[in-house]
Amino acid sequence: MNREVRVRFAPSPTGALHIGGVRTALYNYLFARKTGGKFLLRIEDTDQTRFVEGAEDYIKDALAWLGISPDESPWNPGTVGPYRQSERKPMYMQYALDLVEKGHAYYAFDTSEELEAMRQRLTAARVVSPQYNSITRTQMKNSLTLPEDEVKSRLESGEPYVIRVKIPRKEEVRLNDLIRGWVMVHSSTLDDKVLMKSDGMPTYHLANIVDDHLMGITHVIRGEEWLPSAPLHVLLYRYFGWEDTMPQFAHLPLLLKPDGNGKLSKRDADKHGFPVFPMDWKDPNTGDTAMGFKEQGYMPDAFLNFLAFLGWNPGDHRELFTLDELIEAFSIDRIGKSGTKFDINKAKWYNEQYLRAKSDEELAEFLLEDLEKEGIPVDKEKAAKIAHIMKERATFPSDLWKEGKFMFVAPTSFDESVVSKRWNNDAVAVLNAYKEKLSGYSEDLSPESAKSLLEEAAEINGIKLGKVMQAVRLAATGVGAGPDLMAVFSIIGKEELIQRIDYALNNLEVNS
RNA sequence: GGUCGAUUCGUCUAGGGGUUAGGACGCAUCCCUUUCACGGAUGAAACACGGGUUCGAUUCCCGUAUCGACUACCA
């Protein structure tokens with residue numbers, strides 16, 4: 001039985017797509033591409049009370065930003081649609097009924113108060129885990145305990161009901177997880193989960209089995225939080241008679257908080273000042289905006305590379321992978337088992353690697369954008385030159401402007417520690433001489449000419465250039481560190497440089 | 001509490017019955033250099049614990065501990 005691989009990413013539109021979800025989508029995508037299969041996107045919106053406006057668009061946009069493109073989705077449907085569970089609503093009841101007919105499910109009429117009372121009763125009786133199961137269902141109001149005609153009349157009268165799966169009392173359920181190996185669970189620890197809710201919508205458990213079956217899903221790659229309910233899903237496949245086409249399961253390790261323990265959450269993001277969402281997300285209910293990797297300056301290829309390595313590795317020492325290379329190298333058996341703590345430093349490092357690999361022209365585009373916002377007109381050629389000397393020291397594209405601001409704006413204040421250490425009579429003498437040399441120089445300043453003029457200025461004063469270099473930098477940029485100074489001079493130009501030297505000479509005092 | 005899962009440097013991880021336990025991020029030192037950064041070199045840094053099995057265990061088995069997930073008419 002060699003079916004075409006079909007995998008799905010099935011988020012629910014209840015808010016921004018979490019980074020863990022993005023990684024799940026990525027692994028599904030990589031697996032599909034690697035195996036020549038299909039990657040589907042299915043929206044799991046069976047809980048109408050949790051629907052959040054804009055969440056679906058967010059999922060779509062976030063995946064698009066990263067280049068994780070579904071082969072089938074609500075926006076480019078294939079032949080097994082619809083791709084939103086809310087739109088598939090009419091399909092589910094017949095399957096639930098089929099299970100009732102086969103004796104694997106039953107109607108239950110208990111109100112939430114009655115359920116609560118049951119739990120309290122069991123807790124009081126010191127039952128360790130109060131649940132609706134093979135024991136307790138005999139004391140509840142359902143089609144197993146009620147007379148047949150009463151069940152019928154309740155159903156006909158329109159009384160609200162749910163359909164629950166009837167979990168056998170004693171049975172060993174086993175499943176062979178692609179990542180974890182054999183997992184065995186005894187049915188006595190499972191409960192009679194609700195399959196159909198009283199609002200006529202299926203729960204996740206029913207919907208995902210029915211849809212995965214109908215959509216021809218061959219592999220279910222999802223988060224570890226689903227592992228405990230996986231045995232239930234196996235049982236459902238069996239009850240439906242779909243065991244021979246049951247997908248294989250792969251439960252991914254969780255993404256953990258960087259410190260301490262627990263699942264990575266938005267709270268951690270705020271605490272540590274890094275994003276957990278791919279893009280900015282404005283909560284329509286609170287109006288709060290949560291920051292995204294995109295807006296923080298992470299580039300999609302870098303972010304993807306970073307994400308792929310959170311729980312997976314290629315088995316060799318390579319670190320930098322394009323999407324195509326990831327596809328080529330990917331395999332499920334190289335996914336780790338244990339939870340992965342989130343380290344934003346690694347994300348930054350990846351971003352730096354990708355930033356440096358970009359051409360000066362590409363980076364100039366980012367810089368030009370920022371400059372336009374600041375109202376500073378600069379031509380492309382100059383922007384590219386600046387990008388060239390700045391990119392080795394930038395983490396984000398926005399650093400080009402932030403760290404290179406002095407290229408456009410003359411300093412009006414000077415780093416005190418550098419002033420006190422380096423601003424001396426020698427520096428003043430050299431700068432005065434340099435100023436004159438510059439004034440007498442008729443051509444455009446190149447890095448080479450800037451340097452030779454400076455060397456001359458030092459020489460006529462009998463001063464070694466190295467001794468005053470820091471002061472020269474200070475005068476021109478206001479700080480003691482930065483990219484190659486002669487390149488900077490060439491870029492800002494002769495006139496600007498003279499003005500800056502003048503300003504420094506007039507405003508800085510030589511300490512004795 | 002119960003069920004399930006996990007456990008190699010601070011972090012991400014490779015490895016797997018006999019290794020100087022490898023790499024990456026971060027950190028430190030040195031080199032390069034007009035500074036910072038980049039780059040290069042070097043260094044500190046790990047098999048959770050206890051029992052087995054074995055000539056030999058970090059690796060296999062069993063416990064313990066710790067951490068996590070799940071335990072809804074949420075997904």
Side-chain angles (χ1 to χ4, degrees), chain A residues 10-14 44-47 49-50 85 108 110-112 115 119 123 126-132 160-164 177 179-180 183-186 188-191 193-205 207-208 222-231 251 253-254 256-263 306 309-320 334 336-350 352 356 389-394 403 418 422 451 454 464-474 477 479-486:
Chain A
S12 54
T14 54
E44 308 232 322
D45 53 352
T46 53
D47 187 352
T49 63
R50 292 211 307 163
Q85 289 183 330
D110 315 278
T111 63
S112 51
L115 289 171
R119 285 189 198 102
T123 309
R126 297 195 303 164
V127 172
V128 280
S129 56
Q131 48 182 19
Y132 209 117
Y161 66 92
V162 299
I163 294 177
R164 286 180 181 272
D177 188 273
I179 294 173
R180 284 148 217 287
V183 177
M184 267 167 271
V185 167
H186 198 87
S188 62
T189 64
L190 266 27
D191 63 344
K193 281 265 182 292
V194 170
L195 263 22
M196 288 296 289
K197 300 186 267 189
S198 56
D199 65 358
M201 276 289 201
T203 59
Y204 171 84
H205 300 106
N208 105 86
R222 76 224 306 190
E224 189 185 312
E225 65 268 29
W226 292 110
L227 196 51
S229 56
H251 289 95
L254 261 13
L256 271 18
K257 301 170 188 291
D259 63 352
N261 297 289
K263 236 174 165 178
F306 164 69
F309 273 72
L310 252 29
W312 171 87
N313 74 84
D316 55 36
H317 286 160
R318 292 176 296 161
E319 305 270 349
L320 267 13
R334 294 212 62 87
K337 291 178 170 66
S338 52
T340 302
K341 283 193 190 131
F342 188 83
D343 180 12
I344 195 66
N345 267 330
K346 202 86 172 207
K348 285 183 181 165
W349 179 78
Y350 272 110
E352 285 163 3
R356 279 167 210 149
I389 62 169
M390 291 303 298
K391 69 176 166 188
E392 298 291 270
R393 52 219 315 122
E403 307 293 320
V418 183
R422 307 285 185 173
K451 178 146 198 193
L454 183 57
K464 284 213 161 164
L465 188 53
K467 301 208 84 170
V468 295
M469 209 55 191
Q470 282 282 79
V472 175
R473 177 182 291 281
L474 179 77
T477 68
V479 292
D484 179 68
L485 237 204
M486 299 309 128

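Heavy atoms only: backbone and side chains are in, while hydrogens, waters and symmetry mates are out. As the structure is a prediction and not an experimental result, all values here were calculated from the model. Every chain is numbered from 1, with letters handed out A, B, ... down the list of sequences.
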Would you indicate which nucleotide in [options] comes nearest to any side-chain atom of [X]?
X: A:Asp343; options: B:G10, B:U7, B:A24; value: B:G10
X: A:Lys346; options: B:C12, B:U35, B:U3; value: B:C12
X: A:Val183; options: B:A24, B:A14, B:C4; value: B:C4
X: A:Thr340; options: B:U13, B:U35, B:A24; value: B:U13

Just call it for [X]: base, sugar-phosphate, or nothing, with non-hydrogen atoms closer than 4.0 Å on any strand.
X: A:Gly223; value: nothing
X: A:Lys337; value: sugar-phosphate
X: A:Arg334; value: sugar-phosphate
X: A:Arg180; value: sugar-phosphate
X: A:Gly466; value: nothing

N-O pairing of A:Lys193 and A:Asp191 below 4.0 Å: yes

Would you please say whether a donor-acceptor pair under 3.5 Å links the side chains of A:Asp47 and A:Tyr204?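 There is no such pair between these side chains.
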
Any A:Asn313 side-chain nitrogen or oxygen under 4.0 Å from OP1 or OP2 of B:A14: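 A:Asn313 to B:A14 OP1/OP2: side-chain N or O found under 4.0 Å.
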
For B:U11, take OP1 and OP2 only and decide whether either is under 4.0 Å from a side-chain N or O of A:Lys341. yes

Counting only Watson-Crick pairs (N1-N3 plus N6-O4 or O6-N4) and G-U wobbles (N1-O2, O6-N3), all under 3.5 Å, who is the partner of [N]?
N: B:U71; result: B:G1
N: B:C27; result: B:G43
N: B:A14; result: none
N: B:A65; result: B:U7

Integer angstrom distance from the P of B:G26 to that of B:G63: 42 Å

Produce a footprint string for nucleotides 66-75 of chain B: one letter per nucleotide, 5' end first; B if the base is under 4.0 Å from any protein heavy atom, S if only the sugar-phosphate is, - if neither. -SSSS--BBB

Please state how far atom NZ in A:Lys451 lies from atom C1' in B:U35, giving the value in whole angstrom units. 13 Å

Between C1' of B:G22 and CD of A:Glu319, the distance in whole Å: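 The answer, rounded to whole Å, is 13 Å.
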
Check: A:His251 main-chain N/O paired with A:Asp177 side-chain donor or acceptor under 3.5 Å: yes

